[in-house]
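Here's the structure we're looking at; comments come further down.
For the numbers below, each heavy atom of this structure counts, side chains included, while hydrogens, waters and symmetry mates do not.
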Amino acid sequence: MMLPSDYAARVYAGVLGKLIGVYLGRPFEGWTYERIMQELGEVWCYMHEKCNVPLIVTDDDISGTFTFLRALPDYGNRRDLTPAQIGQTWLNYIIEQRTILWWGGMGVSTEHTAYLRLKDGIPAPQSGSSALNSKVVAEQIGAQIFIDGWAMVAPGDPEFAADLARRAASVSHDGEAIYGAQVVAALEAQAFVERDLNKLLDAAVSLIPNNSLIYRMIGQIREWHAAEPDWRKTRALIAANYGYDTYGGGCHMIPNHALIIHALLHGNDDFQKSLMIVNTCGWDTDCNSGNVGCILGIKNGLAGIDAGPDWRGPVADRLYLATADGGRAITDALTESCHIINIGRALAGEPPLTPKNGARFHFELPGAVQGFMPESSPDAQGVATVQQVAGHSRAGAGSLAIHYRGVAPARSARVATPTFIPSRALSDYFIKRGYALYASPTLYSGQTVRAAVAADAHNLGPAQGSLYVTIYQADDSLGIVRGPQQTLAPGDYVELSWTIPTTGGLPISAVGFEVTHPSHANGTIYLDYLTWDGAPDTVLAAPRGDGVMWRRAWVNGVDQFDDWWPEAYRLVQNHGRGLLSQGTREWKDYTVRAAITLHLAKAAGLAVRVQGMQRYYALLLCNDGTAKLIKALDGEAVLAECVFPWTFGASHAFALAVRGNHIEAMLDGKTLFTVEDADQPLDNGGVALVVEEGRIMCDAVAISPV
């Protein structure tokens, strides 16, 4: 598989198109065409303000698309990835009743039904089969909305994309739903190398059975389009012949797939017009709009998105991925694009891209601001603007321009990107929709932030600049901690390094750069890159205050984590094993310690290198009187065990240290196990308190470098 020369930019455009489409259609999802026309009119721009809802939201269309694709890197980016392995990926990253899916119940939500099958030990593709779940349930829309990523790792190879789509879709769907997913995936894969829409459609439908309903429906819609230029009249034909009333279930594939084809044909290759048509038509607007946006983003690139209104500015690359891997929940379009690009490169036998030596924020594609936005606090509001620009970088091709106007004493320019749940994402809207934002911070005390900045040569005199973080304090108000200040004379290029001081375990909400000046000043500072590394050095405990954000920093994968008990962490798991986790995949070598009191537990303890609900190492005390070091990875393996008598109600000091593939497990100050894991070792991840069928208590979890 040869990668197109503009592969990276096309993937980024596809990711942006997906996000824009979802955010555009989300506020009025489920509305009919008639209601949209009556209350909104034709949908030519974002409607969130008119509908009084946030623009950037958690959504199954986004979380599922960018999460289930992780099956590829989690299983070595093998081209022979199986449906069963993708099903295991579902079990690892989904927290039941909380993340990614619409939890509508068995036989109502197709994805919930499939998840319950997987949980009961039924592997994919049986988990999504019509034979098990019925034809109506198996042919709902979910297979289509999660499929874009599988296409973007197969550029110019629609056959491979359609095959990946079949494998991924079969975890939860069957029949026409799989064919619809294959068509979308093939369209997107071929769109990397082909611009003619009719040729794209010909290539896509050639990969599904010609006696399928999807095949026949696409042919009929193409005929209607050729005979009738008015998209409204063709929409009426779709509603009459392929409407929801014709098919069972809550959100069937057929009507929604019809609107995607309809909008592509009548949109005349125009990003804005195509999105207007697919959204104004109604039904499952965020899903359909997301697929159309992704297809046209890939096909026409960033220029096609930028040809209309400012779609990108309000989004600022922001997205949330609420999964059991909390350290990747707060992310951005360029970061997720790079993950996709490097999967595609691995499948093509190419080395990974590591812009600016692997910096987290590198701004290396046109318009990419990676979530950086001016702060709106009173002393900074209206002072700064941000813009991705070419040049002003020693390590790459682009940078983030921070334009400041009117900096003066008590008036600074601050721009930042979130590292944890932003305060604007705490509204009841997220909870009421059923897609709460579960996340861990990405930056912690003890880690070292590195950045490089350049002062524009035309600035009038020097300015002062510093890195800074905002922190959720004990009452959940935001406070600022600043790094050392640096003088930036016109033309200077300065590299900065700052180890984050202790925050008392309080979560860091954002990281950014501040410009100050002793008198009135205007100018521009260019942020070349910003990144951080190292293990955290922090104690995670309850602060003295009534805030809740320190609790929200833990990804809740247990049955009960209530806030009224005297301990910071009193956890209950009624059935099976639960994890309360925190941390990121960037954590590699570290030590974690916690004093844990066990009550009526089948097993409980401490975990390291946690990568979800089913990938981690854990030191457990078990109710058979043993201590075990286990590895969870597609099942469970006992790496070491010994007799360790203990009684309910006793507190024990747990500790785990990991360096490379070396694991040291300690209980009550004594080393129990020293293990080298040479067989598919887990080499990164966060920490977790673990409880299986019982109750545990804990007051603090300490993480430090080894």
Can you tell me if T285 uses its side chain to pair, donor with acceptor, with the backbone of G25 under 3.5 Å? yes
Crowded around E42 CD? As in, over 12 foreign heavy atoms under 6.0 Å? yes
Angle class for the W224/Y242 ring planes (parallel below 30°, perpendicular above 60°, tilted otherwise)? tilted
Quick one, L101 with D60, criterion side chain to side chain contact (heavy atoms under 4.5 Å, CB included). Give me CA distance, side-chain angles, the key distance, then yes/no. CA-CA 6 Å; L101 305 181; D60 56 340; 5.9 Å; no
Is the shortest side-chain heavy-atom distance between P309 and C45 below 4.5 Å? no
Note: Q388 and G367 closest approach over all heavy atoms is OE1-N, 3.0 Å
Is the shortest heavy-atom distance from the side chain of N279 to the side chain of W44 under 4.5 Å? no
T234 backbone acceptor or donor facing E228 side chain under 3.5 Å: no
Would a 4.5 Å heavy-atom cut-off, applied to side chains only, mark N288 and I141 as touching? yes
I260 side, atom CD1; C287 side, atom SG - distance, nearest 0.5 Å: 8.5 Å
NZ (K18) and CE (M152) are apart, to the nearest 0.5 Å, by 8.0 Å
Decide whether R235 and T280 meet the rule of one side-chain donor and one side-chain acceptor closer than 3.5 Å. no
Identified side chain to side chain donor-acceptor pair (under 3.5 Å) partner of Q370 from the options T331, T417, D332: D332
So does Q38 have more than 12 non-hydrogen atoms from other groups sitting under 6.0 Å from CD? no
May I ask you to check whether D317 and Y12 show a side-chain donor-acceptor distance below 3.5 Å? yes
Classify the ring geometry between W311 and Y46 as parallel (under 30°), tilted (30 to 60°) or perpendicular (over 60°). perpendicular
What is the distance from atom CG of L321 to atom CZ of R70, rounded to the nearest 0.5 Å? 6.0 Å
Within 6.0 angstrom of N357 CG, more than 12 heavy atoms from elsewhere: no
Walk me through it: do F160 and L347 pass the test side chain to side chain contact (heavy atoms under 4.5 Å, CB included)? CA-CA 11 Å; F160 184 40; L347 291 171; 4.1 Å; yes
Once you round to the nearest 0.5 Å, how far does NE2 of H339 lie from CG of L334? 10.0 Å
When you measure from the side chain of H225 to the backbone of L265, do you find a donor-acceptor pair of N or O atoms at a distance under 3.5 Å? yes
Are P355 and L365 close enough that some pair of their side-chain heavy atoms sits under 4.5 Å apart? no
Can a donor-acceptor pair be found, under 3.5 Å and without considering hydrogens, that links the side chain of Q182 to the backbone of A162? yes
Would you check if the side chain of R405 reaches a backbone N or O of G523 as a donor-acceptor pair within less than 3.5 Å? yes
Derivation of the side chain to side chain contact (heavy atoms under 4.5 Å, CB included) call for I340 and F66: CA-CA 9 Å; I340 293 170; F66 298 109; 3.8 Å; yes
Using every non-hydrogen atom in the two residues, find where A143 and A177 come nearest and quote the distance to one decimal. CB-O, 3.6 Å
Which atom of G149 lies closest to which atom of T65, heavy atoms considered: N-CG2, 4.0 Å
Quick one: closest heavy-atom pair of A186 and L207, and the distance? CB-CD1, 3.8 Å
Testing the 3.5 Å rule here: is there a donor-acceptor pair between the side chains of S509 and T470? yes
Does S212 offer a backbone N or O that forms a donor-acceptor pair with the side chain of E176 under 3.5 Å? no
Less than 4.5 Å apart, side chain to side chain, heavy atoms only: is that true for D284 and L259? no
Does the H262 side chain pair with the main chain of W231, one donor and one acceptor, at a distance under 3.5 Å? yes
Measure from the side-chain N and O atoms of K356 to the backbone N and O of H362, and report whether any donor-acceptor pair falls under 3.5 Å. yes
Can you name the residues that form a side chain to side chain donor-acceptor pair (under 3.5 Å) with Q387, not counting sequence neighbours? H403
How about L264 and L296: do any of their side-chain heavy atoms sit closer than 4.5 Å? yes
Show your working on salt bridge (Lys or Arg N to Asp or Glu O under 4.0 Å) between D202 and R222 and close with a plain yes or no. CA-CA 11 Å; D202 289 343; R222 294 175 78 175; 2.9 Å; yes
Ignoring hydrogens and angles, tell me if any N or O in the side chain of N522 forms a donor-acceptor pair with the backbone of V407 under 3.5 Å. no
Is R318 reaching over with its side chain to a backbone N or O of G371, donor-acceptor style, under 3.5 angstrom? no
Cation-pi check, R35 to F28: give yes when NZ or CZ is under 6.0 Å from the six-membered ring centre and within 45° of the ring axis, no otherwise. no
Give me the atom names and distance for the closest heavy-atom approach of V515 to A463. CG1-CB, 4.0 Å
Can you give me the closest heavy-atom contact between P314 and I56, atom names plus distance? O-CD1, 4.4 Å
Pairs in or reaching into residues 3-17: which pass salt bridge (charged side-chain N to carboxylate O under 4.0 Å, His left out), with residues at least two apart or in two chains? D6-R10
Nearest 0.5 Å please: distance from the CG atom of N291 over to the CD1 atom of I147. 9.0 Å
Once you round to the nearest 0.5 Å, how far does OG1 of T58 lie from OH of Y320? 9.0 Å
Contacts of D269 meeting salt bridge (Lys or Arg N to Asp or Glu O under 4.0 Å) (sequence neighbours excluded), chain-then-number -> K299
Between L400 and V369, is the side chain to side chain contact (heavy atoms under 4.5 Å, CB included) condition met? List the steps. CA-CA 7 Å; L400 184 75; V369 300; 3.9 Å; yes
State whether a side-chain donor-acceptor pair under 3.5 Å links D528 with S393. yes
H257 side chain reached by Y179 side chain, heavy atoms, under 4.5 Å: no
Flag side-chain contact, heavy atom, 4.5 Å: I525 against F513: yes
